[in-house]
Amino acid sequence: MTPVFAKAYNPSEVHFMSDDCENRNEPRKVLMCTPEHFSIIDVKNIYMQGQKGNVNVDRANVQWDAIRNSYLALKNQKIIDDVLVIDGIEGMEDMVFIANQSFPWVMWNGEKIAIMSRMRHENRQNEIPYVEDFYKDHGYKIVELQSKYHFEGMGDMIAHPGKRLLYGGYGFRTDRAAYDEIARIVDAPIITLELISEHHYHLDTCFLPLNHSEVLIAPDAFTPESLNIIRRMFEGVYEIPEEEAIEGFACNAHMIYGQNKNSSAALVQRGNPVSLNILQQSAAQVLEIDTTEFIKSGGSVFCLKMMVY
Ligand code: ARG
């Protein structure tokens with residue numbers, strides 16, 4: 001096996017394959033944050049333009065409840081182990097997007113750590129202590145970044161399924177330089193991917209691994225070098241139509257990785273026929289749900305949950 005060092009790689013420096021990386025168990029618990037204080041009060045991404053004050057709170061609550069109920073049904077079927085919920089905080093309009101404030105990880109020795117994000121927008125940085133409390137209550141060691149660079153958690157850093165290998169998106173919210181420190185903390189390689197389209201300001205809006213060898217992407221999101229390395233790391237790369245990636249937020253689906261297709265499931269915004277078809281090849285159950293109130297703020301299913309250990 002080629003030795004793979006724990007550092008942040010530019011695409012041109014990657015000389016290994018995912019099989020050269022150590023195996024990893026996927027997290028099996030879902031964490032959500034209640035939506036009662038969700039609203040749009042400013043413009044943090046292109047989707048939020050013209051949406052100030054435009055959230056239908058009742059509808060957002062109904063949509064969020066339906067997602068939680070879908071997860072509870074998957075828990076009943078033992079596809080996931082648990083559904084945990086923390087309370088949204090008054091005045092924290094984006095806290096419901098619980099993928100962003102942190103990145104949980106298990107170290108070689110089994111220790112659970114939570115790397116806390118350094119959010120680009122100050123009003124979102126205020127969410128961090130509340131999320132930190134959750135991790136403290138659940139036996140995690142809290143890790144604060146020492147460098148000053150921005151990092152937006154699982155919104156921008158996504159793991160290769162079943163491997164100690166990460167992909168780090170940068171360009172809008174997270175700084176490339178943050179990944180040097182993070183690679184040392186997680187003791188794993190991070191392949192950095194440059195994002196170039198405003199509609200794909202977080203990696204989770206354009207990059208969704210389906211299993212160890214296939215990935216769903218929005219090709220317009222990436223530089224040619226980043227696209228190249230994605231094509232090298234995955235045997236099957238499915239490019240979805242632009243309208244499904246942008247209006248439909250289809251890459252922001254949530255793929256729950258099981259041992260095989262039968263124990264895998266996915267949740268996706270409804271009305272994305274091409275993506276739905278692709279997801280159905282990898283997961284026996286694909287639940288179509290409605291997240292349109294949250295899409296107004298630039299997020300769908302993937303952003304509304306955090307997978308934790
Ligand atoms: N309004 C939120 C923001 O701009 C949306 C975050 C979406 N989260 C995500 N993981 N893509 O910060």
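Indexing begins at 1, ligand by ligand and atom by atom, following the structure's order.
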>> I'd like to know whether ligand 1 has Tyr47 as a neighbour, heavy-atom separation below 4.0 Å.
In response: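 Distance cut 4.0 Å: Tyr47 fails for ligand 1.
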
> Going by heavy atoms, is Arg173 under 4.0 Å from ligand 1?
Replying inline: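 Judged by the 4.0 Å heavy-atom criterion, Arg173 does count as contacting ligand 1.
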
> Please state which protein non-hydrogen atom is closest to atom 10 (N) of ligand 1 and give its distance, to 0.1 Å?
Replying inline: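 Of the protein heavy atoms, Asp204 OD2, 2.5 Å lies nearest.
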
> What is the nearest protein non-hydrogen atom to atom 12 (O) of ligand 1, stated with its residue, atom name and distance?
Replying inline: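 It is Arg124 NH1, 2.8 Å.
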
> Between Asn100 and ligand 1, does any nitrogen or oxygen pair lie at a separation below 3.5 Å?
Replying inline: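 Looking only at distances, the answer is yes, because the N/O contact criterion of under 3.5 Å is met.
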
> Quick check: does Asp94 get an N/O under 3.5 Å from an N/O on ligand 1?
Replying inline: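 Yes.
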
> Of all the atoms in ligand 1, which lie at a distance below 4.0 Å from a heavy atom belonging to Met48?
Replying inline: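 What qualifies from ligand 1 is 1 (N), 4 (O).
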
> Of the backbone atoms (N, CA, C, O) and the side-chain heavy atoms from C-beta on, which set of Met154 has a member under 4.0 Å from an atom of ligand 1: side chain, backbone, both, or neither?
Replying inline: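 No part of Met154 comes within reach of ligand 1.
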
> Heavy atom under 4.0 Å from ligand 1: found in Tyr201's side chain, backbone, both, or neither?
Replying inline: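 Answer for Tyr201: side chain.
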
> Between the candidates Gly299, Cys303, Ser297, which shows the shortest non-hydrogen contact distance to atom 5 (C) of ligand 1?
Replying inline: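 Among Gly299, Cys303, Ser297, the closest heavy atom to atom 5 (C) of ligand 1 comes from Ser297.
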
> So, Ser12 and Asn10: side-chain donor and acceptor under 3.5 Å apart, yes or no?
Replying inline: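 Checked: Ser12/Asn10 side chains show no N/O donor-acceptor pair below 3.5 Å.
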
>> Quick one about Glu194 and Thr223 (side-chain donor to acceptor, distance below 3.5 Å, no hydrogens or angles considered), yes or no?
In response: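 No, Glu194 and Thr223 have no side-chain donor paired with an acceptor closer than 3.5 Å.
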
>> Using 0.5 Å steps for rounding, measure from the OH atom of Tyr167 to the OH atom of Tyr179.
In response: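 One gets 13.5 Å once the value is rounded to the nearest 0.5 Å.
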
>> What I want to find out is whether Glu181 reaches Arg184 closely enough, with some N-O distance under 4.0 Å, to be called a salt bridge.
In response: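 Between Arg184 and Glu181 there is no salt bridge, as every charged N stays at least 4.0 Å from the carboxylate O atoms.
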
> Is the backbone of Gln101 close enough, under 3.5 Å, to the side chain of Ser117 for a donor and an acceptor to pair up by distance?
Replying inline: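 Yes, because the side chain of Ser117 sits within donor-acceptor range (under 3.5 Å) of the backbone of Gln101.
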
